Amino acid sequence: MTRKVLVLFAHPAYRRSRINRALIDAVSGLEDVTIHDLYETYPDFAIDTDHEQALLLEHQVVVAQHPLFWYSCPAILKEWQDLVLEHGWAYGRHGRQLEGKLWLQSVTAGGRDTAYREDGFNKWTVEELLRPFEATANLCHMVWQKPFVVHATHVAGDAEAAAAAAAYRARILALRDGSPVRAVAS
Ligand SMILES: Cc1cc2nc3c(=O)[nH]c(=O)nc-3n(C[C@H](O)[C@H](O)[C@H](O)COP(=O)(O)O)c2cc1C
């Protein structure tokens, strides 16, 4: 079974991006994978809700890809959530349009993995910090997937970037080509 994958990409300074650029390059041009650059499409933040909802309906997997900014996402992805995930459409008694679709968060973080744990510098894991997204997916009857996380971007060399890109491509292909719907393992 093949699923169509929509990558909602949010990076406000893509010109300066190294890691997200490597990830995007790794999944660009794949059949049934749509890359949707939110900052490029909506430089003025005027998100077209109808268009975004139509895109969601055309895909079975939604990937939110972004750098971790202040333990969360860049602003446009929050704006996208606020406008696109409408009551009565995505959630609420009659809001079932996203039911059963998969949601994957793909995050790059400057901090090392050892900084993201209870006894570490940041106290919480990235997965814990992403709980609002998981709760949103849950509210919208979507199936949350174990997040794809690249740590230590500030010290990542070309080899680390290439390894992350290869792992991301494999993860996206597995989602596209039908890994179990309820799988949470990476
Ligand atoms: C405004 C801003 C906020 C950031 N907040 C965090 C953060 O909360 N945690 C973290 O680990 N890194 C943080 N970073 C570092 C970015 O996550 C990191 O630079 C990015 O993931 C690198 O990916 P790129 O090469 O695609 O830009 C922040 C960077 C900026 C510019």
Side-chain angles (χ1 to χ4, degrees), residues 5-28 30 33-56 59 61-86 90-91 98 101-113 115-116 120-140 142 144-156 160-161 164-165 167-169 171-172 175 186:
V5 180
L6 175 64
V7 179
L8 298 174
F9 178 52
H11 195 313
Y14 190 50
R15 280 180 298 110
R16 292 201 294 272
S17 166
R18 209 163 57 85
I19 305 303
N20 279 282
R21 180 179 293 277
L23 300 183
I24 287 291
D25 286 350
V27 298
S28 290
L30 291 176
V33 177
T34 305
I35 312 291
H36 183 33
D37 185 333
L38 293 176
Y39 278 101
E40 183 183 68
T41 309
Y42 303 115
D44 52 3
F45 271 52
I47 290 175
D48 180 342
T49 299
D50 290 342
H51 176 65
E52 295 302 310
Q53 290 180 348
L55 269 179
L56 287 171
H59 295 80
V61 180
V62 181
V63 180
Q65 181 189 329
H66 59 88
L68 196 67
F69 275 10
W70 298 113
Y71 306 107
S72 185
C73 64
I76 204 165
L77 187 55
K78 180 63 167 58
E79 181 79 348
W80 181 94
Q81 287 178 284
D82 295 351
L83 295 176
V84 178
L85 302 178
E86 288 182 319
Y91 71 100
L98 301 176
K101 294 181 190 291
L102 312 190
W103 181 281
L104 173 70
Q105 203 88 13
S106 170
V107 175
T108 63
R112 296 174 190 274
D113 58 349
Y116 283 96
F121 185 72
N122 293 305
K123 282 188 67 173
W124 291 280
T125 67
V126 171
E127 288 191 30
E128 287 170 330
L129 295 165
L130 293 177
R131 281 280 148 75
F133 295 96
E134 184 174 359
T136 299
N138 180 58
L139 184 72
C140 296
M142 300 178 79
W144 179 253
Q145 304 293 296
K146 181 180 172 64
F148 179 86
V149 184
V150 181
H151 281 287
T153 57
H154 294 327
V155 293
E160 285 87 357
Y168 189 46
R169 182 183 166 95
R171 188 78 194 277
I172 296 297
L175 287 168
S186 54

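Note that this is a predicted model, so its numbers are computed, not measured.
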Checklist line | Gap separating the OG1 atom of T153 from the CG atom of L68, nearest 0.5 angstrom | finding: 9.5 Å
Check: Which atom names give the shortest non-hydrogen contact between A26 and R169, and what distance separates them?
Finding: O-NH1, 3.1 Å
Margin query: Rounded to the nearest 0.5 Å, what separates atom CG in L98 from atom CD in Q53?
Written below: 8.0 Å
Notebook entry, point to check: When you look at F133 and V107, which way does the side chain to side chain contact (heavy atoms under 4.5 Å, CB included) test go after all the steps?
Noted result: CA-CA 12 Å; F133 295 96; V107 175; over 6 Å; no
Checklist line | Side-chain (N122) to main-chain (W124) donor-acceptor, under 3.5 angstrom | finding: no
Margin query: So, applying side chain to side chain contact (heavy atoms under 4.5 Å, CB included) with I172, which one of V63, L23, V61 is it?
Written below: V63
Next item on the list: Check L102 against M142 and note the closest heavy-atom contact, atom names and distance.
Entry: O-CE, 4.0 Å
Note to self: Once rounded to the nearest 0.5 Å, what's the spacing between atom CD of E79 and atom CG of L38?
What the structure shows: 10.5 Å
Item checked: side chain to side chain contact (heavy atoms under 4.5 Å, CB included) between W80 and F45, intermediate numbers included -> CA-CA 9 Å; W80 181 94; F45 271 52; over 6 Å; no
Next item on the list: Nearest 0.5 Å please: distance from the OG1 atom of T125 over to the CG atom of L130.
Entry: 8.0 Å
Next item on the list: Could you pull out the closest heavy-atom pair between V33 and V27, with the gap in Å?
Entry: CG1-O, 3.8 Å
Notebook entry, point to check: Where do F69 and P74 come nearest, in terms of heavy atoms and distance?
Noted result: CD2-CG, 3.9 Å
Margin query: As an exercise, state the distance from CD of E134 to NZ of K146, rounded to the nearest 0.5 Å.
Written below: 11.0 Å
Next item on the list: Please report the shortest heavy-atom distance between Y168 and V7, naming the atom on each side.
Entry: OH-CG1, 4.1 Å
Notebook entry, point to check: Closest heavy-atom contact between A137 and W103?
Noted result: CB-CB, 4.1 Å
Next item on the list: Could you walk me through whether V155 and E160 pass side chain to side chain contact (heavy atoms under 4.5 Å, CB included), step by step?
Entry: CA-CA 9 Å; V155 293; E160 285 87 357; over 6 Å; no
Margin query: Distance check, rounded to the nearest 0.5 Å: R21 atom CZ versus S28 atom OG?
Written below: 10.5 Å
Next item on the list: State whether K78 and D82 are salt-bridged, where the test is any N-O pair (Lys NZ or Arg NE/NH1/NH2 against Asp/Glu carboxylate O) under 4.0 Å.
Entry: yes
Note to self: As a quick check of understanding, evaluate side chain to side chain contact (heavy atoms under 4.5 Å, CB included) for H66 and Q105, giving each step before the final call.
What the structure shows: CA-CA 8 Å; H66 59 88; Q105 203 88 13; 3.0 Å; yes
Item checked: With Q81, the side chain to side chain contact (heavy atoms under 4.5 Å, CB included) member among T136, I76, L8 -> T136
Notebook entry, point to check: Under 4.5 Å between any side-chain heavy atoms of R171 and L104, yes or no?
Noted result: yes
Item checked: From N20, D113, V126, I19, residue fulfilling side chain to side chain contact (heavy atoms under 4.5 Å, CB included) relative to V150 -> I19
Check: What class does the angle between the rings of Y116 and H151 fall in, given that below 30° is parallel, 30 to 60° is tilted and above 60° is perpendicular?
Finding: tilted
Item checked: Side-chain donor/acceptor of R18 to backbone N/O of A156, under 3.5 Å -> yes
